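Predicted model, so just to flag it, every value in this text is computed and none were measured. Naming: A, B, ... by sequence-line order, numbering from 1 per chain.
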Protein chains: 2
Amino acid sequence: MAPKQKGNVDIVAVAKAAKVSPSTVSRTFNHPDLVSPATRKKITRAVQKLGYVRNRAAQMMHGKRSGTIGLVVPTINHAIFAEVIQAFSDAIDQAGFTLLLASHGYDLDREYEMVRKLMEHRVDGVALIGLEHSAATSRLIAQQETPAMAIWNYAEESELPCVGADNRLAGRMAAEHLLELGHRDIGLIFPDTRGNDRAQYRLSSVLEALQESGVSVPEDRMSEAPYSVAQAKQAAIRLLSGSAKPTALLCGNDVIAQGALYGAQKCGLRVPEDVSIIGIGDFKGSADIEPGLTTIRIPAETIGSLAGQRFTDYITSDTREQFRLRCGLERVVRGTTGPAA
Amino acid sequence: MAPKQKGNVDIVAVAKAAKVSPSTVSRTFNHPDLVSPATRKKITRAVQKLGYVRNRAAQMMHGKRSGTIGLVVPTINHAIFAEVIQAFSDAIDQAGFTLLLASHGYDLDREYEMVRKLMEHRVDGVALIGLEHSAATSRLIAQQETPAMAIWNYAEESELPCVGADNRLAGRMAAEHLLELGHRDIGLIFPDTRGNDRAQYRLSSVLEALQESGVSVPEDRMSEAPYSVAQAKQAAIRLLSGSAKPTALLCGNDVIAQGALYGAQKCGLRVPEDVSIIGIGDFKGSADIEPGLTTIRIPAETIGSLAGQRFTDYITSDTREQFRLRCGLERVVRGTTGPAA
DNA sequence: AATAGTATTGCAAACGTTTTCATTAATCTT
DNA sequence: AAGATTAATGAAAACGTTTGCAATACTATT
């Protein structure tokens with residue numbers, strides 16, 4: 001029991017073991033070139049032997065960066081965010097940062113709490129999903145002067161630096177595809193748009209595009225469904241079981257579209273002959289469903305990666321020049337859309 | 001510009017503004033009952049005005065917990081982990097902890113790096129997926145005396161405290177279901193089992209159960225597919241396109257099973273009349289596919305929640321009593337399995 | 001061999017908190 | 001009303017690092 005000290009292996013323990021001063025140990029880590037090779041070797045050996053692990057919290061107290069980046073998402077659970085989180089995480093990891101992750105369940109007040117929590121940990125930056133945030137959140141970010149960015153949604157008028165896609169355009173593209181195929185009676189299934197600017201933008205631009213072509217969407221052609229295959233399926237069944245059915249269903253995202261597809265099948269309708277279905281997102285798996293889902297592709301992985309790279313650059317550079325990146329959208333026509341009957 | 005000091009709002013700035021000593025400010029946060037209500041109010045006001053945010057890194061230097069828990073997963077991207085991560089995150093959040101997340105892409109050496117990285121941030125605990133880890137990782141954990149646990153896999157002989165399901169049993173249950181239905185010619189589609197004890201356990205127990213019933217699985221009935229609907233679909237097509245087809249496909253997880261289902265459909269086979277398909281996991285969406293996927297349900301959300309609760313309890317209690325929780329498995333028979341032809 | 005560099009190292013202060021101890025003020029006891 | 005508690009506050013040390021400055025030991029120059 002004598003030689004085995006408890007977990008208090010700190011830089012001075014290492015220094016003692018290597019018979020040098022703590023400063024030298026510190027320098028070995030931070031400015032190796034200032035330390036003679038021989039000393040460095042001694043120290044490395046001591047570090048090995050004692051199993052010393054650097055304490056970033058202590059470093060941080062010297063104005064050093066914490067090496068963490070906070071990401072606040074509505075939810076981790078959905079395919080689409082999972083993909084961005086993964087890509088973002090990988091990208092910042094590459095730059096030596098670690099991810100602090102929090103989710104708020106589409107509640108902007110909880111988002112504020114989460115951002116605050118992350119700031120208590122002195123993250124070097126905080127990334128949020130979307131452009132709509134509470135005033136308190138914005139104030140907090142400005143006040144703390146913490147680098148912040150928005151992911152997922154692009155808008156040129158955005159306050160925060162952002163990397164994402166233009167969700168308004170996404171909605172418009174989906175609508176136009178249906179319009180081009182001759183659909184005039186279109187059903188809409190969207191998630192709740194409160195606190196969700198992505199859905200909001202998509203829905204309003206769909207409505208706008210439809211309007212421009214003289215197509216209106218009556219109340220009974222609109223349905224709300226959360227991000228859930230099962231509930232979207234139900235919503236689709238409701239929309240599709242009336243006597244005068246819409247000839248197409250435009251869905252707020254691919255998960256909903258997948259549910260809609262199952263719903264249509266359940267109603268004995270052929271897709272796309274009897275009813276066309278289009279989603280937005282192009283999630284993993286959307287290509288593999290039978291028939292393949294027609295959708296507007298949002299490059300989640302690209303967005304996540306790019307966001308991670310740009311953000312770490314932004315944080316580590318001293319210039320702090322703003323950035324706003326728009327990632328391209330792509331119409332992916334597969335098997336679920338066809339000409340209107 | 002005069003009154004607006006830069007971001008150096010620390011506890012002494014607050015103290016100055018409230019005309020008290022830093023100690024009192026600190027106490028207001030940590031032991032409010034030791035501070036008179038009047039003083040407390042003054043301080044609260046100063047905190048508000050200056051927008052002070054506590055610095056947990058600095059607190060941590062006093063032996064306080066960092067308030068973070070590290071979670072290292074193979075990947076964030078898969079439905080199944082996304083679900084555990086969400087549940088785990090929510091649970092630890094409840095207890096006032098924040099999640100530090102890292103992924104290693106099924107590479108045990110990278111897992112070690114990630115654990116190390118997390119420890120530099122002095123996480124209060126680190127949770128790993130599965131029970132198979134490199135010796136270096138185990139050594140590191142032991143050496144640092146950081147609380148650690150395993151999620152997802154249960155084994156009574158586990159070194160680490162664990163919360164999860166018995167994957168061996170899962171494999172056995174899937175095999176037995178097929179056996180009960182009279183299947184004797186069974187195709188297997190599994191992911192690469194290296195560095196993935198979940199898959200390993202499942203596969204070996206499937207083989208074992210089949211063996212016990214005198215069913216052997218020749219080389220050409222086994223196929224490997226990564227966690228991808230598309231590639232599983234291809235694998236299934238390969239298995240199903242010979243002249244003598246297996247009457248059932250047992251898949252290592254639900255994503256693979258979903259791909260297999262599409263593959264079967266692509267081959268013009270009816271499910272379950274011509275071929276039965278069973279998965280393991282019961283992912284979100286498995287219930288909604290047409291036909292609904294028969295599978296062995298692993299309660300991801302329960303596991304994540306329970307793990308989070310138990311782990312935070314474990315960390316905050318001083319007793320540190322080990323725990324090992326086995327979460328129940330459930331055979332969910334839906335539409336993809338039927339009696340052998 | 002003396003001078004001027006230069007490379008290497010150590011000392012001590014600093015970072016933003018918490019906490020122990022001491023001090024003062026206020027409230028009881030009797 | 002004096003002494004004894006108790007409540008509220010402050011001073012200073014401590015936590016594990018980093019870093020500016022000073023000190024020492026080399027190595028070139030001449």
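- Classification of B:Asp313 and B:Arg320 as a salt-bridged pair fails, no side-chain N sitting under 4.0 Å from a carboxylate O.
- Between A:Lys16 and A:Asp10 no salt bridge is recorded (no basic side-chain N to carboxylate O distance below 4.0 Å).
- Taking atom CG of residue A:Asp33 and atom P of nucleotide C:dT8, one finds them 9 Å apart after rounding to whole Å.
- Applying the side-chain contact (heavy atoms from CB on, under 4.5 Å) test between A:Ser103 and each of A:Asn77, A:Val72, A:Ile76 identifies A:Ile76 as the sole match.
- A sub-4.0 Å separation between OP1 or OP2 of C:dA7 and a side-chain N or O of A:Ser36 is absent.
- A donor and an acceptor atom, one from each side chain of A:Thr24 and A:Ser21, are located under 3.5 Å apart.
- At whole-Å resolution of the value, CD in A:Glu120 and P in C:dT18 are 11 Å apart.
- Counting only residues at least two apart or in different chains, ring pair (Phe, Tyr, Trp, His ring centres under 6.0 Å) contacts with residues 88-114 of chain B are absent.
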Side chain to side chain contact (heavy atoms under 4.5 Å, CB included) evaluation trace for A:Thr28 with A:Val20: CA-CA 11 Å; A:Thr28 311; A:Val20 296; over 6 Å; no
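- When rounded to the nearest whole Å, the span between CZ of B:Arg65 and C1' of C:dT17 equals 17 Å.
- Each of D:dT9, C:dG10, C:dT8 was ranked by its minimum atom distance to the side chain of A:Pro37; first place goes to C:dT8.
- Recorded end-axis angle for the helix from C:dA1-D:dT30 to C:dT30-D:dA1 stands at 40°, based on five pairs per end and rounded to 10 degrees.
- For A:Glu159, the CD atom is loosely surrounded, since the number of other residues' heavy atoms within 6.0 Å does not exceed 12.
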Nucleotide-resolved protein contact map, nucleotides 12-20 of chain D, B/S/- at heavy-atom distance under 4.0 Å: B-BBBBBBB
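- What separates CE of B:Met60 from P of C:dT19 is a distance of 14 Å, to the nearest Å.
- By the 30° and 60° cut-offs, the orientation of the rings of A:Phe29 relative to A:Tyr52 is tilted.
- Look at NZ on B:Lys16: it is 16 Å from C1' on C:dT17, rounded to the nearest Å.
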